[in-house]
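Notes to accompany the following structure.
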Amino acid sequence: MHLFIEQLINGITLGSIYSLTALGLTLIFGVLDILNMAHGAVFMFGAFTAVLIVSKLGLPLWVGFLGGCIVSGLLGYALEMFALRPLRRRKNTSPLAPLISTIGVSIILENIARALFGSDTISFRTSISDINFKLGEIDINLINLVILAVSFTITILLYFWLKNSKSGRALRAVSENPDTAAFLGVNTSKVITFTVVSASCAGGAAGVLVAMAFNSVNNEIGLAMGLKGLAIIILGGMGSVNGAVAGGILLGLAETFVVAYGDSGYKEIIGFIIIMAVLLIKPQGIFGTTQKVKV
Amino acid sequence: MPDLEIETLSVCYGHVEALRGVTLRVKDRQVVSLVGANGAGKTTLMKTIAGLIPPLSGKIRYNGMNIDSLRADEIIRNGISYVPEGRAILNKMTVLENLLMGAYIRQDREVMADLENILEKFPILGTRKDQLAGTLSGGEQQLLAIGRALMSKPKFILFDEPSLGLAPIVIEHIFEIIKDINESGVTIMLVEQNVHKALSISDYAYVMETGKIAMEGNSKELLYEKRVMDAYLGKKAK
Ligand SMILES: Nc1ncnc2c1ncn2[C@@H]1O[C@H](COP(=O)(O)OP(=O)(O)OP(=O)(O)O)[C@@H](O)[C@H]1O
Ligand SMILES: [Mg+2]
């Protein structure tokens with residue numbers, strides 16, 4: 001039984017990071033109607049930045065965490081300014097243009113990462129990496145608790161900000177109908193920039209947390225995480241915040257339990273198996289809604 | 001002078017010229033209606049005033065100020081609110097959230113008091129306030145769109161076919177509300193298919209035909225003008 005509970009904690013921890021990653025993607029999808037294929041690369045830069053700050057500069061973990069968020073946020077800003085906004089300004093561009101543009105940015109970022117950080121796995125040991133304690137029969141890693149606390153806090157803050165604040169409402173309005181938001185007084189361009197930047201910050205935060213969870217970082221996690229993020233928001237329902245959170249937790253649990261009780265070879269594909277199963281039953285995703293057409 | 005003045009306004013969708021040199025004036029505190037057949041360009045004109053479509057050429061002045069190059073979010077900050085064709089309710093938000101979005105541009109402390117007023121004025125919205133707006137009936141959505149526009153405390157409201165798809169008794173109610181709003185000092189520009197009703201509550205009217213103003217005059221006089229009906233039905237005026 002205690003083994004099961006330990007796996008449950010591991011699964012929820014991993015899942016909470018997935019949720020945070022997917023939240024960023026789903027918010028960007030909401031306001032821009034595009035899949036941000038550069039999200040994984042932005043996430044990876046957050047992770048590398050934290051590792052550099054903590055391991056190379058010897059600064060405390062929280063500085064590394066903030067640094068990772070800031071660098072990812074800046075990358076998000078650059079993505080919006082150079083890859084997305086110029087395309088919105090032009091008329092008659094293909095609806096696929098921004099998607100291709102984000103793929104381009106992700107390739108550029110992957111290459112920069114390789115040049116800057118090399119292709120080796122860099123280990124990431126922090127002051128709290130090896131602290132374990134027992135709660136009855138259950139082994140608990142302090143780092144898992146920290147990760148859980150951080151990712152849940154960010155997720156909950158984001159959730160309530162979206163739900164209850166004026167600017168959160170404006171973001172949801174832009175998501176639903178940019179023209180309506182605009183004639184009600186929302187500067188949609190500002191909201192979009194703000195969304196891409198904060199989603200990227202959240203992605204960077206998730207990157208740091210993943211580096212903490214696995215005690216290492218390498219330049220493949222960006223692509224892997226980007227794809228998982230996409231899988232999660234398709235699973236949860238595109239643009240749905242609840243869907244991103246639930247989908248992330250579900251995937252984290254599924255991966256953890258497959259490794260613990262099944263065959264670890266299935267870890268990377270279990271998510272996609274779940275997606276296919278869910279989409280067969282509910283094609284719009286768990287929390288997805290089909291747009292009602294009103295005449 | 002706080003009038004809305006439009007001068008030789010032209011608007012294009014790609015190569016389709018939807019407005020071709022429209023000139024009109026909405027005098028302060030009046031109700032001015034704009035009627036015309038389907039496709040005449042009425043909605044295009046409304047959207048252009050609201051800042052959603054950039055004009056190709058021509059001028060739009062409000063309060064003596066040029067507003068033709070302002071974005072939509074700047075237009076409403078100048079006191080011009082928009083109740084669009086099809087209502088454009090935010091379906092995934094509650095009735096209350098839609099009304100709060102109406103007050104998005106306001107910073108003052110009276111927003112909550114005004115919200116109470118609207119809910120009192122439109123009691124049906126009060127009973128539905130926590131419901132998702134997408135679940136409201138067409139008539140309720142129209143009331144919500146009007147309430148939302150009022151929440152910005154506008155000086156001027158653009159109404160695009162507020163009676164569209166509503167039952168006669170509801171239409172009656174909507175027109176009453178529009179009259180009340182005008183009596184409270186708000187200038188109104190009203191697009192309607194319901195020509196008779198529109199003319200009966202407006203001071204002045206313009207008839208549009210394929211992107212141009214075909215006729216104008218005092219509403220009371222146009223009520224008896226046969227050519228208005230012809231334009232509405234899309235026949236060529238002789
Ligand atoms: N987004 C668009 N792209 C291209 N053409 C458009 C677009 N919107 C409108 N048009 C064209 O512009 C002309 C004017 O349309 P508009 O919607 O302004 O007419 P309307 O007078 O409001 O008609 P209705 O009474 O049916 O609402 C029409 O010929 C229409 O086909
Ligand atoms: Mg129209």
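These values consider heavy atoms only, across backbone and side chains, with no hydrogens, waters or symmetry-generated copies. Reminder, nothing fancy here: chain letters follow the sequence lines and each chain counts from 1.
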Margin query: With a 4.5 angstrom heavy-atom cut-off, is it the side chain or the backbone of A:K190 that approaches chain B, or both, or neither?
Written below: neither
Note to self: Between the side chains of B:K59 and B:E5, is the shortest nitrogen-to-carboxylate-oxygen separation below 4.0 Å, so that they form an ion pair?
What the structure shows: no
Margin query: Please classify the contact between B:A103 and chain A as side chain, backbone, both or neither, with a heavy-atom cut-off of under 4.5 Å.
Written below: backbone
Item checked: Interface moiety of A:A181 toward chain B, non-hydrogen atoms closer than 4.5 Å -> neither
Next item on the list: Determine the interplanar angle of the B:Y82 and A:F183 rings, folded into 0 to 90°, and report it as parallel if under 30°, tilted if 30 to 60°, perpendicular if over 60°.
Entry: perpendicular
Check: Less than 4.0 Å between a side-chain N and a carboxylate O, is that true for B:D180 and B:K121?
Finding: no
Item checked: B:I174 side chain near B:I146 side chain, heavy-atom distance below 4.5 Å -> yes
Next item on the list: Tell me, for B:L90 versus chain A, whether the close heavy atoms (under 4.5 Å) come from the side chain, the backbone, both or neither.
Entry: both
Checklist line | Choice from B:L100, B:I75, B:N98, B:I89 maximising heavy atom contacts with chain A below 4.5 Å | finding: B:L100
Next item on the list: Under 4.5 Å, counting heavy-atom pairs only, tell me which of A:D179, A:N177, A:T188 racks up the most with chain B.
Entry: A:D179
Next item on the list: Flag the pair A:R172 / B:M101 as yes when at least one side-chain heavy-atom distance between them is below 4.5 Å, and no otherwise.
Entry: no
Notebook entry, point to check: Can A:E80 and A:T193 be counted as having a side-chain donor-acceptor contact under 3.5 angstrom?
Noted result: yes
Notebook entry, point to check: Which residue out of B:R77, B:E97, B:E74 racks up the most heavy-atom pairs below 4.5 Å with chain A?
Noted result: B:E97
